**Q** 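Sharing a structure below in C-alpha cells format, with a few things to ask.
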Amino acid sequence: CTTDVCVGGKCSHTPVADCGACVPGVIFQDGFDAPETWTMSAPTNLKEFCALLVRSKLMTPDEVKGVAKHFQTSGKDPEDLDAFRKLLFTNKYLTEYQLALLSRGHSEGFHLDQYKILDVISKGNMAGVYKAIHQSGQTVAIKVLPASKAKDPEALARFRREARLITKLDHPNMVRAFQLGESANK
C-alpha cells in the first residue's frame, strides 16, 4: 500500500485491508520543515550518538544514561554503535525512522508542538504525512506542508481548504481530520 493516510486498517484511497502504517486520524499542519532537511555531522561513536540523542529530546539524559549503562554491562563491545542502535530499536526506545535520522546527524525535527514524530508515512510533491504520538498517548497522522511550500499563497490556500473540508467530513470509509494548525517549530 502506498497510501497517504490510513485509518483503522483502511487506506483513504484504496480498500486495502492493512497497509501497516495505519493510524486513527490526520491532523493538518503547515509551516513545518521535515526533519530530513536538518543535519549535522553523523555520530561516529557511542558518546557522540548519546549526545545527539539527548539533543533530539527523544529521550531524557537520565534515560540515555540508563540505557547506555545497561548496554555497557551487557557483555557486548561497549563501543559497538550498531549494537547500541539495535538495542534502542529492539526495546522500542526509538523507531527505525528516528534511528535513521539520528545516524545521519539529525537532532531536530522529531517534535511538532505536542507531538513526537515516529515515522514518515508518505511524501508527495506538496506535503508529507507523518505518524506521530501526542503527549496524551494518542497516535495520529500529521499532514505537513513544508515551510518552503507555505510561502506560496496558492499552495497554502489549497492546503488550508483541503483541511477545512476534510474536518467537516465524518464517514467510516474516510480518514477523520481533527484540526488545522500552524506550528511554531521551524
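Just so you know, residue 1 is the first one in the sequence shown, and it goes up from there. Because the structure is predicted, anything quoted here is derived from the model rather than measured.
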**Q** Closest approach of Leu156 and Ala150, non-hydrogen atoms and distance?
**A**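 Residues Leu156 and Ala150, closest heavy atoms: CD2-O, 3.6 Å.
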
**Q** Does Glu96, at its CD atom, have more than 12 non-hydrogen atoms belonging to other residues, nucleotides or ligands within less than 6.0 Å?
**A**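 Incorrect, the count does not exceed 12.
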
**Q** For Phe49, give me all partners under ring pair (Phe, Tyr, Trp, His ring centres under 6.0 Å), at least two apart in sequence or on another chain.
**A**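 Ring pair (Phe, Tyr, Trp, His ring centres under 6.0 Å) check on Phe49 returns nothing, list empty.
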
**Q** Quick check: does any side chain N or O of Asp77 sit under 3.5 Å from a backbone N or O of Glu79, one acting as donor and the other as acceptor?
**A**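 Yes, the answer is positive, given that a donor and an acceptor are paired below the 3.5 Å cut-off.
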
**Q** Is Gln98 close to Ile117 at the side-chain level, that is, under 4.5 Å between some pair of heavy atoms?
**A**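 Sidechains of Gln98 and Ile117: no contact.
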
**Q** Side chains of Lys76 and Leu87: does their closest heavy-atom pair fall under 4.5 Å?
**A**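 A side-chain contact under 4.5 Å is absent here.
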
**Q** Grab the two heavy atoms, one from Leu169 and one from Arg176, that are nearest each other, plus how far apart they are.
**A**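 Answer, listing the atom of Leu169 first, then Arg176: O-NH1, 3.0 Å.
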
**Q** Decide side chain to side chain contact (heavy atoms under 4.5 Å, CB included) for His111 and Leu58; before the verdict, give the C-alpha distance in whole Å, the side-chain angles of both, and the deciding distance to 0.1 Å.
**A** CA-CA 8 Å; His111 295 87; Leu58 289 169; 4.2 Å; yes

**Q** Looking at side-chain heavy atoms only, is the closest gap between Arg160 and Leu180 below 4.5 Å?
**A**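 Yes. Closest side-chain heavy atoms under 4.5 Å.
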
**Q** Could you walk me through whether Asp82 and Arg85 pass the salt bridge (Lys or Arg N to Asp or Glu O under 4.0 Å) test, one step at a time?
**A** CA-CA 5 Å; Asp82 288 333; Arg85 290 178 187 142; 3.1 Å; yes

**Q** Please report the closest heavy-atom contact between Pro78 and Phe71, naming both atoms and the distance.
**A**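 Taking every non-hydrogen atom into account, O-CE2, 3.9 Å.
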
**Q** What distance separates Asp113 CG from Ser183 OG, expressed to the nearest 0.5 Å?
**A**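 Separation between the atoms: 3.5 Å.
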
**Q** For the residue pair Ala177 and Ile166, what are the closest heavy atoms and their distance?
**A**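 Where Ala177 meets Ile166 most closely, the heavy atoms are CB-CG2, 3.3 Å.
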
**Q** Ignoring hydrogens and geometry, is there a side-chain-to-backbone donor-acceptor pair from Asn45 to Lys47 under 3.5 Å?
**A**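 Yes; at least one donor-acceptor contact below 3.5 Å.
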
**Q** Of the non-hydrogen atoms in Leu81 and Pro43, which two are nearest, and what is the gap between them?
**A**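 Answer, listing the atom of Leu81 first, then Pro43: CD2-O, 3.9 Å.
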
**Q** How long is the straight-line distance from CD of Glu182 back to CG of Leu145, given to the nearest 0.5 Å?
**A**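 Rounded to the nearest 0.5 Å, the CG-CD separation comes to 10.0 Å.
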
**Q** Would you indicate whether the side-chain heavy atoms of Leu46 and Gln72 approach each other to under 4.5 Å?
**A**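 They are in contact (side-chain heavy atoms under 4.5 Å apart), so the answer is yes.
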
**Q** Can you tell me how far CE of Met59 sits from CG of Leu94, rounded to the nearest 0.5 angstrom?
**A**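 One gets 6.5 Å once the value is rounded to the nearest 0.5 Å.
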
**Q** Do Tyr130 and Lys123 touch side chain to side chain, with heavy atoms closer than 4.5 Å?
**A**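 Yes - at least one pair of side-chain heavy atoms lies under 4.5 Å apart.
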
**Q** Measure the spacing between CG of Leu53 and CD of Glu63 and express it to the nearest 0.5 Å.
**A**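 Going from the CG atom of Leu53 to the CD atom of Glu63 covers 9.0 Å.
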
**Q** Is any side-chain heavy atom of Val67 closer than 4.5 Å to one of Phe84?
**A**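 Side-chain contact under 4.5 Å: yes.
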
**Q** Within this structure, what is the CG-SG distance for the pair Leu88 and Cys50, rounded to the nearest 0.5 Å?
**A**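 If we round to the nearest 0.5 Å, Leu88:CG and Cys50:SG are 7.5 Å apart.
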
**Q** Salt bridge (Lys or Arg N to Asp or Glu O under 4.0 Å) with Arg158: which residues, sequence neighbours excluded?
**A**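 Partners of Arg158 by the salt bridge (Lys or Arg N to Asp or Glu O under 4.0 Å) criterion, ordered by chain and then number, come out as Glu154.
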
**Q** Could you check whether Glu48 pairs with Arg55 (Lys NZ or Arg NE/NH1/NH2 to Asp/Glu carboxylate O, under 4.0 Å)?
**A**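 No, no charged N to carboxylate O under 4.0 Å.
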
**Q** May I ask you to list the residues sharing a hydrophobic cluster with Leu118, side-chain cutoff 4.5 Å, ordered by chain and number?
**A**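 For the cluster that includes Leu118, the remaining residues are Ile133.
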
**Q** Taking atom CD of Glu162 and atom OG1 of Thr167, what is their separation to the nearest 0.5 Å?
**A**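 Those atoms lie 10.5 Å apart.
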
